[in-house]
S.K.: 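The structure follows.
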Number of protein chains: 2
Amino acid sequence: MKIKRGQKRMEELEQELASQYDLHFDNEQLLQEALTQANYLNEHPEVEGNDYQRLEFLGDAVMQQSTAVYLFKRFPDWDEGRLTELRIAMVQTRSFAALSRELHLDRYIRLGRGEELSGARQRDSLLEDIWEAFIGALYLDQGQAVVMRFLEQILFAKIDEGFFEQFVDYKSKLQEYLQKDGPVAIKYQKLSEKPLANNDQIFEVEVMVNQQVLATGQGKSTKAAEKDAARNAYQQLTTSAEKK
Amino acid sequence: MKIKRGQKRMEELEQELASQYDLHFDNEQLLQEALTQANYLNEHPEVEGNDYQRLEFLGDAVMQQSTAVYLFKRFPDWDEGRLTELRIAMVQTRSFAALSRELHLDRYIRLGRGEELSGARQRDSLLEDIWEAFIGALYLDQGQAVVMRFLEQILFAKIDEGFFEQFVDYKSKLQEYLQKDGPVAIKYQKLSEKPLANNDQIFEVEVMVNQQVLATGQGKSTKAAEKDAARNAYQQLTTSAEKK
């Protein structure tokens with residue numbers, strides 16, 4: 001019974017991948033392998049095949065190269081520091097976990113019982129591994145060009161939506177930038193706090209260095225407003241530095 | 001004059017790449033960029049083009065994927081731990097510096113004067129960057145398939161020669177393996193020391209755990225012999241564990 005249910009679910013996933021993303025697997029064993037955790041196989045000795053770990057090894061490298069090639073060509077004027085920064089924000093645990101959830105891969109993982117009980121199915125670290133294994137399987141089955149087309153649709157398009165901003169620590173970046181020639185006094189100060197209609201509040205803060213205001217920021221918490229101010233300041237400073 | 005000399009040397013490199021490795025660049029500006037350090041451009045404002053750093057960003061990722069894909073296909077029975085270990089030994093500073101020297105890339109780098117005086121031309125860290133930039137340029141100019149063919153010839157072939165063994169710390173690996181269930185006593189003991197014809201000596205040592213001999217090793221120093229013994233022990237232990 002268990003295996004039959006597993007097979008039915010795989011078909012659902014294949015239908016979803018085909019209708020939503022125009023993705024097809026010639027060898028569906030590879031897709032299954034990408035979604036199989038080691039302890040599931042230990043607990044089901046009758047089930048053949050491998051767990052996802054070799055595919056994860058492959059997919060990790062495929063994600064790195066695909067992202068680097070895309071960014072290199074897309075941003076011909078960026079230096080390697082800026083390229084590296086965005087690549088790191090894109091190719092990391094939380095980003096990959098979000099992609100696994102977006103494709104509903106989490107629903108199709110064959111997990112060991114202990115992992116299921118401990119809530120592993122929703123753990124970012126597992127969903128990151130599963131994403132890499134999925135990309136490894138897609139690469140083997142369909143090749144680099146299909147991987148690139150798919151990543152353009154699901155990952156690279158998010159650059160323009162500002163999706164990866166959330167993974168960049170702008171307060172640290174601003175501090176690093178301002179203190180490159182020695183320590184300076186950086187201060188965040190609350191300017192206002194206004195209630196919104198839906199019971200939320202909106203905070204406004206300014207960021208100052210040596211008593212001089214660099215930028216302001218807004219957010220639904222002081223922390224979010226400070227991050228917004230740091231991003232505004234950092235982007236103003238680094239954009240004007242480029243023009244010199 | 002400077003620039004003319006630069007151009008002549010580039011032609012020599014292109015001839016060498018063609019005759020030795022059957023490598024050709026359609027856009028030789030890319031090859032030049034891969035061999036140009038930032039301060040050289042600062043000191044020669046009349047020279048157009050970029051330094052190698054963007055190509056290094058690209059080539060780093062291309063090396064990672066090319067190596068991962070090769071190892072994944074070449075060793076279908078290896079688990080991801082063993083694949084990762086060999087990939088790390090292959091894709092690292094000393095390995096890349098050795099490749100830059102093998103292609104004589106070090107002779108063609110356009111370096112800033114300060115870097116030249118401080119001996120940067122022979123520094124492993126620079127030669128690693130240059131290797132990655134060279135691979136980035138080759139990927140852009142000739143594509144993935146040419147990169148793979150070239151790497152099979154110059155890098156992957158070295159797996160069978162045991163070239164990457166020197167980059168693996170087998171004494172640490174053996175210790176880690178033996179102590180996975182708690183501390184054990186590991187001891188290296190010299191067995192013999194024989195003079196060779198050419199004034200060298202050959203040492204033989206054995207490695208023991210809890211008074212039991214695991215393996216012996218030989219080398220031209222005690223340290224080399226211990227490393228050899230550790231590798232023999234580690235490989236015996238991990239090979240027999242796989243068969244279980």
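This one's a predicted model, so the numbers in the text were calculated from it and none came from an experiment. Chain letters run A, B, ... following the sequence lines, proteins first, then strands; residues in each count from 1.
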S.K.: With a 4.5 angstrom heavy-atom cut-off, could you sort out which part of B:Phe75 is near chain A: side chain, backbone, both or neither?
M.R.: backbone
S.K.: For chain A, find which of B:Thr67, B:Asn50, B:Leu71, B:Leu140 contributes the most heavy-atom pairs closer than 4.5 angstrom.
M.R.: B:Leu140
S.K.: Among B:Ser66, B:Ala68, B:Gly81, B:Gly136, who wins on heavy-atom pairs under 4.5 Å with chain A?
M.R.: B:Ala68
S.K.: Quick one: of A:Glu56, A:Arg87, A:Met63, who has the most non-hydrogen atom pairs under 4.5 Å with chain B?
M.R.: A:Arg87
S.K.: Contact part of A:Leu55 toward chain B, heavy-atom cut-off under 4.5 Å: side chain, backbone, both or neither?
M.R.: both
S.K.: In terms of heavy-atom proximity below 4.5 Å to chain A, should B:Asp51 be classed as side chain, backbone, both, or neither?
M.R.: neither
S.K.: More than 12 non-hydrogen atoms from neighbouring residues, nucleotides or ligands closer than 6.0 Å to CD on A:Glu28, yes or no?
M.R.: no
S.K.: Can you list the steps and then say if A:Asp79 with B:Phe57 is a side-chain contact (heavy atoms from CB on, under 4.5 Å)?
M.R.: CA-CA 9 Å; A:Asp79 69 20; B:Phe57 165 84; over 6 Å; no
S.K.: Above 12 or not: heavy atoms from other molecules or residues under 6.0 Å from CD of B:Glu48?
M.R.: no
S.K.: Which residues, numbered in order, of residues 90-104 of chain B come under 4.5 angstrom of chain A by heavy-atom distance?
M.R.: none
S.K.: Select one option (side chain, backbone, both, neither) describing which atoms of A:Asp60 are under 4.5 Å from chain B's heavy atoms.
M.R.: side chain
S.K.: Is the shortest heavy-atom distance from the side chain of A:Tyr139 to the side chain of B:Gln65 under 4.5 Å?
M.R.: yes
S.K.: Can you tell me if NZ on B:Lys73 sees more than 12 non-hydrogen neighbours from other groups inside 6.0 Å?
M.R.: no
S.K.: Please classify the contact of A:Gln144 with chain B as side chain, backbone, both or neither, using a heavy-atom distance under 4.5 Å.
M.R.: side chain
S.K.: Looking at CG of B:Asp77 and CZ of A:Arg54, how far apart are the two atoms once the value is rounded to the nearest 0.5 Å?
M.R.: 7.5 Å
S.K.: Count the heavy atoms belonging to other residues, nucleotides or ligands that lie under 6.0 Å from CD of B:Glu152, then report whether that count exceeds 12.
M.R.: yes
S.K.: Is the number of heavy atoms from other residues, nucleotides or ligands under 6.0 Å of A:Glu176 CD greater than 12?
M.R.: no
